[in-house]
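Contents: one structure, followed by commentary.
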Amino acid sequence: MNRQAQAAVLFLTGGSILHAGLTDLYLRYVKAGLRPLLLAAGVVLIATAVATVWYERRSARSLTPAADSAPAADSAPATDSAPAADPAPATDSAPATDRATAPAASSETDGAHDSVHDYAHDSAHAHHEPRIAWLLVLPLLALILVAPPALGSYSAMRTGTALQEQPWGFSALPAGDPVWLSLVDYAGRAAYDKGHSLDGRRIRIAGFVALDRDGSPYLVRMALNCCAADAQPVKIGLTGRTPPVLQPDAWLEVTGTYTAKRTRDPVNNGVIPFFEVTEARPVEAPRDPYDESWNG
């Protein structure tokens with residue numbers, strides 16, 4: 001992979017990052033707060049690619065005059081003026097001096113020509129990176145051609161719940177009937193507040209569906225700290241008037257009430273609270289499929 005190919009890869013990578021950052025595609029990879037850094041990274045990569053191409057072209061232009069000047073130096077001694085200046089032999093020291101300086105000048109000219117030739121040869125054949133370097137293009141092609149979906153039920157049911165107790169407690173619920181709560185907020189209140197702030201209130205929650213090995217339904221949101229690589233699920237079990245047919249990864253909006261029922265996550269033994277469903281309807285996936293509220 002030569003410098004031109006490296007610049008092309010850098011340019012395409014930067015362009016892909018900018019495209020993701022300027023659309024909602026970046027939300028499948030990182031949290032929303034990292035968007036400015038993502039855009040800055042794309043600009044830096046594109047600027048680096050442009051600088052690489054400019055440097056290579058400048059080097060090529062500076063090499064061309066040096067290579068053209070070498071033949072001119074070789075042809076300088078071959079002139080017709082030398083035979084004209086031979087009227088008569090002078091002394092024995094003069095021819096000796098001429099014989100001493102002529103080979104020296106010729107050797108200097110040949111050395112300059114060889115240096116230029118060697119530099120051009122080395123520039124043309126240097127920096128042979130291994131062909132395995134082209135494998136770096138594969139992640140780029142994946143970024144351009146394949147838009148991976150957000151993590152779903154497969155990852156959720158194979159990862160332990162990330163629900164954690166909040167040390168600062170829980171505030172009173174806002175007004176409204178039903179009141180909108182994030183899945184993470186409901187799960188924390190149901191598991192660690194023992195439902196005190198939830199009693200007597202109708203609650204509405206949204207998340208994607210996941211089924212365990214027995215077919216029991218769960219509503220899940222993937223919570224993350226930084227990016228999709230560290231995403232962890234927060235799960236609540238569904239009971240009551242759940243739809244008879246549920247498809248994994250389908251997004252569902254449920255309305256209902258708190259229930260004291262709970263279970264343990266078989267993966268890490270974490271607490272999984274339940275939700276008593278009175279109404280349920282399918283909804284579209286949100287713009288940001290991950291929940292960032294659990295870490296502030």
Any heavy-atom pair between the side chains of [Y] and [X] that's under 4.5 Å?
X: V283; Y: L252; result: no
X: Y186; Y: I203; result: yes
X: W251; Y: P286; result: yes
X: Y218; Y: V209; result: no
X: L18; Y: L39; result: yes

Has the side chain of [X] got a donor or acceptor atom that lies under 3.5 Å from a matching backbone atom of [Y]?
X: D212; Y: S216; answer: yes
X: R35; Y: G21; answer: yes
X: T259; Y: F274; answer: no
X: R264; Y: N269; answer: yes
X: D185; Y: L181; answer: no
X: D24; Y: R287; answer: no
X: K235; Y: L219; answer: no
X: R201; Y: S197; answer: no
X: S16; Y: L12; answer: yes
X: S155; Y: L151; answer: no

Practice prompt. Would you tell me whether T278 and R241 have side-chain atoms, one donor and one acceptor, within less than 3.5 Å of each other?
Written response: no
Is it true that the NZ or CZ of R57 lies under 6.0 Å from the centre of Y55's six-membered ring and within 45 degrees of the ring axis?
no
If you group Ile, Leu, Val, Met, Phe, Trp and Tyr by side-chain heavy-atom gaps below 4.5 Å, do [X] and [Y] land in one group?
X: F170; Y: L163; answer: yes
X: V179; Y: L198; answer: yes
X: V277; Y: L246; answer: yes

d(T161 OG1, N268 CG) to nearest 0.5 Å is 6.5 Å
### Query
With the threshold set at 4.0 Å, does a side-chain nitrogen-carboxylate oxygen contact exist between R202 and E279?
yes
Under 6.0 Å between ring centres, would you say that holds for Y258 and F275? no
